[in-house]
Amino acid sequence: MSRSEFAEFLIARRAQLQPEDVGLPAGRRRRTPGLRREEVAALAGVSSDYLARLEQGRDTNPSSAVLGAIADALRLNEIERHHFGRLAMSMEQKASCPSAGQAREQVSDTLRAVVDALHPTPAFVLGRWLDILAWNPSWRDFAEPLGMLDESVHGSFASYVFAHPDAPKYLRNWSDAADMVASALRNTQTRFPDDRSLEARITALQRYPEFDRRWREHLVIDYRTHVLLIEHPLRGQVEVEIESLDPLADLTIQVWLVDRRKAHAPGLRLVNE
């Protein structure tokens, strides 16, 4: 993450708000989308010049009171406010506290044992870049017919969602899955701004318009608890509740709970058993 990500977030969120969203008259047609800088400044109780310095990266140490006021003006929700605060902190800490660079994409024997012990609940390990690093037999049997382990996606859940031709067919709420992936990668970039491999992955994904749009909008949602609505080629319509656990900074265990009311799924541990 460069020092400009905080500024990019400000600009992106200002562009996404309409005057009526904040109680202002719509007025005449605007040359650029969203609120004007002076409108956000007035709502936040700061000067337009100060907001300009933040958006241009010329001021990198806003107070907590200013951050709160701007977050209110931009109508940020709780998750977005948390992300906004982390971006602000990263500007101040970057020079004195450089972050870790490359990820250690290695699954320990202990972590593999945990995933195996979750069987028959489908579970797998995601790396920092959303690579699928390890899984138990239940998850393999469930995910393989969906194409998630195809060679064409190179073991990447992010590539599966945006690049696999069957993903929109099997993921009935594909847009939600796409939001989840973009938000997870945004969170990772904020935590590990110097990871060049992550930067390369993001650049590659930006070839896909649906990812690029979400990335430019600085989409931030709660991606750790999620529901996938799947049209499974063998099991029919399946509803999967996802829970993500972070035992290490670089790795995540993701557990899939299948609702037995929505599918016949022998061999799987189900939500309401």
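Residue numbers start at 1 and run along the sequence shown. Predicted, not measured: the structure shown is a model, and the values here were computed from it.
Side chains of Ile253 and Leu111 form a contact here, defined as non-hydrogen atoms less than 4.5 Å apart. In this structure, Leu146 and Ile230 have side chains that are in contact, with non-hydrogen atoms separated by less than 4.5 Å. Using a 4.5 Å heavy-atom threshold, the side chains of Leu51 and Ile70 count as touching. By the 4.5 Å heavy-atom criterion applied to side chains, Arg191 and Asn187 are counted as neighbours. At least one side-chain heavy atom of Tyr50 sits under 4.5 Å from a side-chain heavy atom of Pro62. Looking only at side-chain heavy atoms (C-beta outward), Ile242 and Val227 stay at 4.5 Å or farther from each other. In this structure, Leu257 and Val240 have side chains that are not in contact, with every pair of non-hydrogen atoms separated by 4.5 Å or more. Here the side chains of Trp139 and Glu144 are not in contact, with every heavy-atom distance at 4.5 Å or above.
Remark: the Arg214 side chain and the Ser175 side chain contain an N/O donor-acceptor pair separated by less than 3.5 Å. Of the N and O atoms on the side chains of Asn136 and Arg112, not one donor lies less than 3.5 Å from an acceptor on the other residue. Gln189 and Arg186 are linked by a side-chain donor-acceptor pair at a separation below 3.5 angstrom, with hydrogens and angles left out of the test.
The aromatic ring centres of Trp129 and Phe192 sit 6.0 Å or more apart.
Within a 6.0 Å radius of CD in Glu78, no more than 12 heavy atoms belonging to other residues, nucleotides or ligands are found. Annotation: Glu39, atom CD; neighbour count of heavy atoms from other residues, nucleotides and ligands within 6.0 Å is above 12.
When Phe157, Trp174, Tyr208 are each tested for a ring-ring contact (aromatic ring centres under 6.0 Å, His included) with Phe162, only one passes: Trp174. Applying the salt bridge (Lys or Arg N to Asp or Glu O under 4.0 Å) test between Arg13 and each of Glu8, Glu55, Glu217, Glu80 identifies Glu80 as the sole match.
Heavy-atom minimum distance, Arg14 versus Arg36: NH1-C, 3.7 Å. Gln254 and Ser244 make their closest contact through NE2-OG, 3.3 Å (heavy atoms, listed as atom of the first residue, atom of the second, distance). Between Val115 and Ala123, the closest heavy-atom pair is CG1-O, 3.4 Å. The shortest heavy-atom contact between Leu54 and Ala7 is O-CB, 3.5 Å. Considering every non-hydrogen atom in both Ala158 and Leu205, the closest pair reads CB-CD1, 4.0 Å. In this structure, Glu231 and Lys169 approach most closely via the heavy-atom pair CB-O, 3.9 Å.
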TODO: Step by step, work out the side chain to side chain contact (heavy atoms under 4.5 Å, CB included) result for Thr252 and Val125.
DONE: CA-CA 6 Å; Thr252 298; Val125 178; over 6 Å; no
Open item on the list: Determine whether His154 and Ser159 satisfy the following criterion, side chain to side chain contact (heavy atoms under 4.5 Å, CB included), listing intermediate values before the conclusion.
Closed with: CA-CA 8 Å; His154 308 291; Ser159 293; 5.5 Å; no
- [ ] Kindly indicate, with the supporting measurements, whether the criterion side chain to side chain donor-acceptor pair (under 3.5 Å) is fulfilled by Ser138 and His119.
- [x] CA-CA 6 Å; Ser138 295; His119 179 78; 2.6 Å; yes
Task: Criterion side chain to side chain contact (heavy atoms under 4.5 Å, CB included) on Val238 and Leu228, from CA distance to verdict - done: CA-CA 8 Å; Val238 183; Leu228 283 181; over 6 Å; no
Task: Verdict with reasoning, Leu251 to Arg128, per side chain to side chain contact (heavy atoms under 4.5 Å, CB included) - done: CA-CA 6 Å; Leu251 303 177; Arg128 179 190 294 184; over 6 Å; no
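A search for side chain to side chain contact (heavy atoms under 4.5 Å, CB included) contacts involving Leu43 returns Val22, Leu35, Ala73, not counting sequence neighbours. Under the side chain to side chain contact (heavy atoms under 4.5 Å, CB included) criterion, Ala184 pairs with Leu130, Tyr223, sequence neighbours left out. Under the ring pair (Phe, Tyr, Trp, His ring centres under 6.0 Å) criterion, His232 pairs with Phe142, not counting sequence neighbours. For Arg207, there are no side-chain hydrogen bond (donor to acceptor under 3.5 Å, both in side chains) partners, not counting sequence neighbours. Residues forming a ring pair (Phe, Tyr, Trp, His ring centres under 6.0 Å) with Phe84 (at least two apart in sequence, or on another chain): Phe6, Phe9. In this structure, the ring pair (Phe, Tyr, Trp, His ring centres under 6.0 Å) partners of Tyr160, at least two apart in sequence or on a different chain, are His164.
A side-chain donor-acceptor contact under 3.5 Å links Asn77 to the backbone of Ile79. Put simply, the side chain of Asn173 never gets that close to the backbone of Asp176: no donor and acceptor are under 3.5 Å apart. Checking side-chain atoms of Asp59 against main-chain N and O of Arg53 turns up no donor-acceptor pair under 3.5 Å. Between the side chain of Asp150 and the main chain of Ser152, no donor-acceptor pair closer than 3.5 Å is present. Counting only distance, with no hydrogens or angles, the side chain of Ser183 and the backbone of Ile221 share a donor-acceptor pair below 3.5 Å.
Leu229 and Val161 fall into different hydrophobic clusters, where Ile, Leu, Val, Met, Phe, Trp and Tyr side chains are chained together by heavy-atom contacts under 4.5 Å. Leu149 and Trp256 fall within a single hydrophobic cluster, where Ile, Leu, Val, Met, Phe, Trp and Tyr side chains are chained together by heavy-atom contacts under 4.5 Å. Linking Ile, Leu, Val, Met, Phe, Trp and Tyr residues whenever their side-chain heavy atoms come within less than 4.5 Å leaves Leu10 and Leu219 in two separate clusters.
Remark: Asn61 CG to Met89 CE distance equals 11.5 Å, nearest 0.5 Å. Taken from OG1 in Thr225 to CD in Glu243, the straight-line distance is 4.0 Å, to the nearest 0.5 Å.
Using a cut-off of 4.0 Å between Lys/Arg side-chain N and Asp/Glu carboxylate O, Arg81 and Asp72 are scored as salt-bridged.
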